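See structure below.
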Amino acid sequence: MKIIGGIPLKGTVKTQGAKNAALTVMPVCLLLRGGILTLDNVPDLYDINTMIEILRDLGVEVEINRELKDPQMIFKVPDEIKWEVSETLARKMRGSSLLLGPLLASCGQISLPLPGGCSIGARPIDLHLKGLKQMGAEIDVQNGVVHAKVKGRLRGRRIYLDFPSVGATENLMMAASLAQGETILENIAREPEIDNLADVLRSIGVPVELEGTGGVRIQGVDKVHSGRERVIPDRIEACTYILAGVMTNGHIKVEDVVPRHIDAILAKLEESGAKFKVKKNTVETFPSKKRLHPISIKTLPYPGFPTDAQPQMAAALSLGQGVSTIEESVFQARFLYAQELNRMGADIKIARDVAVIRGVQKLQGAPVRATDLRAGAALIMAGLAAEGETTVDDMVHVWRGYEAIDKKLTSLGAQVELI
Ligand code: EPZ
């Protein structure tokens with residue numbers, strides 16, 4: 001993407017359905033047999049389309065109605081489905097690990113190529129496998145493929161998660177839905193995507209009780225029925241546009257936002273002196289004469305500051321005053337974007353898991369490369385605020401998580417062009 005920077009963004013942009021909610025609620029359809037799952041507000045993204053390909057390959061009929069105001073997806077599940085996930089498709093996306101729980105619970109077996117890592121560090125699934133073993137699954141990993149099977153049904157029980165892993169929580173909640181008896185998960189992830197998954201499971205007849213203490217209680221059922229739910233708005237995409245408005249000193253309104261889903265970001269933005277107004281489901285940013293004040297951030301599991309908004313915040317702070325720090329505590333290595341921002345004149349030094357950001361007055365446009373989807377978003381934002389022309393290469397990463405970002409930015413007055 002080629003960007004001519006220096007133009008304050010103006011106008012209104014609507015948030016897409018959340019990528020990370022859609023990726024976990026779509027495989028819920030695999031719990032059905034001879035039933036239909038309808039999901040509203042599913043975004044049009046690479047990773048979503050990969051998940052559709054995987055589900056179709058397993059035998060699910062997927063109908064997409066994108067011309068509706070509320071894009072809708074209908075999953076018609078036959079009485080029999082396959083349980084072997086294709087290697088090429090599974091390697092295309094990390095989210096393929098979310099097939100483990102539903103396929104094991106409904107077919108009693110699955111063979112799944114281990115999901116690839118990515119540039120933000122190793123992406124093991126040991127917590128997923130440990131929990132499924134505790135529910136009675138026999139798991140064998142051979143030549144990079146997970147072979148899991150269970151004699152009869154998975155058995156519900158109490159499981160403590162060593163880390164509030166989002167994916168492990170999601171897989172175990174889906175597995176527990178068809179298990180024998182009750183499952184209680186402790187120390188689970190509390191991301192809003194987990195609430196969305198609970199709503200979808202309830203819509204197909206699974207009793208799910210989330211407890212505020214970071215636990216969830218699920219009664220396994222013998223059979224689930226057709227259901228329908230809406231995918232929540234994408235809180236990370238929303239933050240990306242809010243920060244783009246702040247960085248370009250523009251005046252934009254981001255619609256279809258759930259403010260409490262982005263509390264951590266809004267609190268840090270307020271602390272840094274950004275000008276914005278929060279309404280029921282919109283956030284509006286305003287120009288400000290002053291550059292952002294220096295702040296310190298540590299990424300944490302929800303409701304802490306989200307790791308997925310860390311690169312974007314670093315880009316915004318690179319134009320701030322003084323020295324800010326961001327400590328990344330969730331992933332091993334999520335700072336690859338820093339060297340790319342430095343090519344644009346930013347002054348970011350990485351000391352192990354802390355980024356030390358010395359604010360500069362201006363960024364200059366430069367040719368840069370996206371290393372993962374959030375890094376790509378951060379570089380695009382920097383390009384919008386920089387003087388001159390920026391080209392962001394390897395946009396494929398960005399298309400995994402940002403629907404029509406070129407069109408959305410153009411509608412906000414940005415000068416961007418896809419090459
Ligand atoms: C989900 O990944 C999101 N992806 C990620 O978003 C997000 O960054 C992450 O949650 C944290 O919020 C999807 O929902 C598809 P984790 P997930 O399991 O489930 C370690 C984006 O930008 N871990 O909470 O993989 C893991 O290595 C993507 O949209 C284990 O060690 O996150 C990581 O360091 C990037 N063993 C940490 O826990 C396990 O079995 C958090 O992982 C599982 C995880």
Side-chain angles (χ1 to χ4, degrees), residues 16-27 43 45-48 50-51 54 90 92-101 112 114-134 139 141 146 159-174 185 187-197 214 231-232 234-240 261-262 264-265 299-313 327-334 336-337 353 370-378 397-403:
Q16 70 196 23
K19 164 178 91 78
N20 292 345
L23 284 176
T24 187
V25 296
M26 288 164 73
L45 300 167
Y46 267 29
D47 277 2
I48 299 302
T50 302
M51 182 60 89
I54 291 174
K92 275 172 83 173
M93 172 185 66
R94 156 119 193 116
S96 53
S97 59
L98 295 172
L99 296 159
L100 276 166
L112 173 79
L114 274 172
C118 50
S119 65
I120 57 180
R123 306 287 297 274
I125 55 170
D126 54 306
L127 300 178
H128 303 231
L129 302 180
K130 179 180 174 185
L132 292 170
K133 273 184 199 150
Q134 288 175 294
I139 295 177
V141 182
V146 176
I159 295 175
Y160 172 83
L161 279 178
D162 298 350
F163 176 86
S165 152
V166 172
T169 302
E170 292 163 345
N171 255 327
L172 295 174
M173 283 174 68
M174 291 188 277
L185 303 178
N187 191 31
I188 62 169
R190 305 185 195 189
E191 273 69 4
E193 292 75 36
I194 304 296
D195 297 277
N196 208 185
L197 172 61
V231 172
I232 57 174
D234 194 315
R235 60 197 170 95
I236 304 300
E237 189 213 20
C239 294
T240 306
H261 287 172
I262 56 173
I265 305 267
T299 67
L300 286 165
Y302 193 90
F305 190 96
T307 171
D308 290 351
Q310 179 259 93
Q312 302 91 310
M313 185 54 106
E327 183 182 350
E328 170 59 55
S329 82
V330 176
F331 284 103
Q332 288 163 333
R334 196 168 198 170
L336 274 184
Y337 63 86
D353 52 6
T371 47
D372 74 80
L373 75 156
R374 306 303 175 189
H397 293 290
V398 178
W399 298 125
R400 287 186 48 212
Y402 288 87
E403 180 176 335

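Atoms within each ligand, like the ligands themselves, are counted from 1 in listed order. Atoms considered below: every heavy atom in the structure, side chains included; atoms not considered: hydrogens, waters and symmetry mates. Here, residue 1 is the first one in the sequence, and each next residue gets the next number. Given the structure is predicted, the values throughout are model-derived calculations rather than measurements.
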Between V330 and ligand 1, which residue portion shows a heavy-atom distance shorter than 4.0 Å: side chain, backbone, both, or neither?
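It is both parts that get close, each with some atom under 4.0 Å.
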
Examine the proximity of ligand 1 to F163 and report which part, side chain or backbone, both or neither, has a heavy atom under 4.0 Å away.
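The answer is the side chain.
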
Element-labelled atoms of ligand 1 that are located less than 4.0 Å from some non-hydrogen atom of [X]:
{"X": "K19", "value": "21 (C), 29 (O)"}
{"X": "R374", "value": "21 (C), 22 (O), 29 (O)"}
{"X": "D308", "value": "5 (C), 6 (O), 7 (C), 8 (O), 21 (C), 22 (O), 28 (C), 29 (O), 35 (C)"}

Looking only at distances, please establish whether an N/O atom of ligand 1 is found under 3.5 Å from an N/O atom of [X].
{"X": "T307", "value": "no"}
{"X": "L98", "value": "no"}
{"X": "E170", "value": "no"}
{"X": "G167", "value": "yes"}
{"X": "N20", "value": "yes"}

Taking atom [atom1] of [X] and atom [atom2] of [Y], what is their separation to the nearest 0.5 Å?
{"X": "K19", "Y": "Y46", "atom1": "NZ", "atom2": "OH", "value": "14.5 Å"}
{"X": "E193", "Y": "I236", "atom1": "CD", "atom2": "CD1", "value": "7.5 Å"}
{"X": "N20", "Y": "N196", "atom1": "CG", "atom2": "CG", "value": "11.0 Å"}
{"X": "E328", "Y": "T307", "atom1": "CD", "atom2": "OG1", "value": "3.5 Å"}
{"X": "L45", "Y": "E237", "atom1": "CG", "atom2": "CD", "value": "8.0 Å"}

Nearest neighbour in protein (non-hydrogen) for atom 2 (O) of ligand 1:
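That would be R123 NH2, 3.5 Å.
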
Residue and atom name of the nearest protein heavy atom (relative to atom 40 (O) of ligand 1), distance in Å to one decimal:
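That would be L127 N, 2.7 Å.
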
Taking T240 as the fixed residue, which of R374, Q312, R235 is the one that meets the side chain to side chain donor-acceptor pair (under 3.5 Å) rule?
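For T240, the side chain to side chain donor-acceptor pair (under 3.5 Å) test succeeds with only one of R374, Q312, R235, which is Q312.
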
Option nearest atom 39 (C) of ligand 1 (shortest heavy-atom distance, choices S165, P311, P124)
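Minimum heavy-atom distance to atom 39 (C) of ligand 1 goes to P124.
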
Examine ligand 1 and decide if any of its atoms is less than 4.0 Å from a heavy atom belonging to R334.
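Contact present.
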
